[in-house]
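In what follows, chains carry the letters A, B, and so on, assigned in the order in which the sequence lines appear, proteins first and then strands, with residues in each chain numbered from 1.
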Amino acid sequence: KQEVTQIPAALSVPEGENLVLNCSFTDSAIYNLQWFRQDPGKGLTSLLLIQSSQREQTSGRLNASLDKSSGRSTLYIAASQPGDSATYLCAVRGSGAGSYQLTFGKGTKLSVIP
Amino acid sequence: GAVVSQHPSWVICKSGTSVKIECRSLDFQATTMFWYRQFPKQSLMLMATSNEGSKATYEQGVEKDKFLINHASLTLSTLTVTSAHPEDSSFYICSADGQGQYEQYFGPGTRLTVT
């Protein structure tokens, strides 16, 4: 059974700092990996999706990397802003037949201090 | 594109009543939709996978008679919480499969409070 772990559980940084969020998964047979953002009491906003054949994806100040063989992904946020404060979730999708569901980590709660 | 809506966004009901939550894909057809539940400060837990025109597949530990799922069309899935109890209070989120990349698109969630 796939397990997804996110470290750290919470992170507080001053505005302007670059930061890295970590995600690890136990079964490397994945179809893709997604990073989401969730604001308190709200739904999920998809940030980046990395296919299993890709190594990284970039969108603005965000860069996500994937090392499928070692079961790791990182989300790099450059020049953090107070508006980046949210919980960041990592989720992997299995590649087996019928494995359509996503398995989520517990998230990293990020606070960017002005 | 790829917008998923949920209705209602929040609902309060009395213990013992039933509540229906709708999930719609607004600009695409979704043969597969998913229902998740999220307790405070916890991650999303998959409850069931819903395929259009067939019975939903429930995850282990989820009572299918309590959480009724209907996926009658390619743009609508509903979750009915029957005989709701306070322990059913949670944040329910649906998602729909997009085309090609197997990317799931998520709805904004429904906050259910059972008193």
Side-chain angles (χ1 to χ4, degrees), chain A residues 1-10 21 23-25 29-54 57 59 64 66 86-111, chain B residues 1-10 21 23-24 30-52 54 56-62 71 89-113:
Chain A
K1 178 183 176 183
Q2 179 75 269
E3 293 183 2
V4 180
T5 303
Q6 290 187 246
I7 295 173
L21 307 181
C23 171
S24 61
F25 45 95
I30 65 170
Y31 190 85
N32 60 37
L33 182 147
Q34 273 183 276
W35 282 94
F36 296 88
R37 168 185 173 141
Q38 186 176 31
D39 294 287
K42 303 294 184 182
L44 303 182
T45 300
S46 180
L47 299 173
L48 290 165
L49 178 146
I50 310 177
Q51 300 292 355
S52 62
S53 59
Q54 297 175 322
Q57 282 286 334
S59 176
L66 173 64
T87 296
Y88 290 80
L89 296 167
C90 165
V92 298
R93 187 161 200 170
S95 62
S99 297
Y100 301 112
Q101 57 261 41
L102 292 174
T103 302
F104 282 84
K106 292 186 176 181
T108 294
K109 185 176 181 180
L110 173 65
S111 299
Chain B
V3 177
V4 175
S5 70
Q6 277 185 245
H7 178 80
S9 56
W10 60 271
I21 303 170
C23 176
R24 293 182 184 271
T31 55
T32 304
M33 290 185 172
F34 306 85
W35 287 95
Y36 296 84
R37 180 167 55 185
Q38 185 179 35
F39 291 108
K41 298 185 179 181
Q42 298 293 316
S43 191
L44 278 74
M45 297 297 295
L46 180 68
M47 298 176 65
T49 301
S50 165
N51 289 295
E52 185 265 338
S54 63
T57 302
Y58 291 81
E59 295 300 300
Q60 191 173 9
V62 178
H71 193 160
S89 298
S90 187
F91 193 53
Y92 292 87
I93 305 178
C94 73
S95 69
D97 249 355
Q99 300 294 323
Q101 293 189 80
Y102 278 176
E103 180 172 1
Q104 285 189 27
Y105 300 97
F106 284 78
T110 296
R111 173 76 57 192
L112 170 64
T113 301

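Neither the backbone nor the side chain of Gln6(B) comes within contact range of chain A; no heavy atom of the residue lies under 4.5 Å from a heavy atom of that chain. For Leu44(B), the parts lying under 4.5 angstrom from a heavy atom of chain A are both the backbone and the side chain.
Within the model, atoms CZ of Phe36(A) and OG of Ser95(B) stand 8.0 Å from one another, a figure rounded to the nearest 0.5 Å. With rounding to the nearest 0.5 Å, the separation of CD in Gln38(B) from CG in Leu44(A) is 7.0 Å. Of the inter-residue distances, the one linking Lys1(A) atom NZ with Gln60(B) atom CD reads 8.0 Å to the nearest 0.5 angstrom. A distance of 7.0 Å separates CD in Gln104(B) from CD in Gln34(A), rounded to the nearest 0.5 Å. Put simply, CZ on Phe106(B) and CD on Gln38(A) are 10.0 Å apart, with the number rounded to the nearest 0.5 Å.
For Glu59(B), the CD atom sits in a packed shell: over 12 heavy atoms of surrounding residues, nucleotides or ligands are nearer than 6.0 Å.
Residues Leu46(B) and Phe104(A) fail the side-chain proximity criterion, which asks for heavy atoms closer than 4.5 Å. Counting heavy atoms from C-beta outward, Lys41(B) and Lys106(A) have side chains that stay 4.5 Å or more apart.
Minimum heavy-atom separation, Phe91(B) to Gly43(A): CZ-N, 4.1 Å.
Options Gly107(A), Pro40(A), Gly105(A), Ala91(A) differ in how many heavy-atom pairs under 4.5 Å they form with chain B, and the most are formed by Gly105(A).
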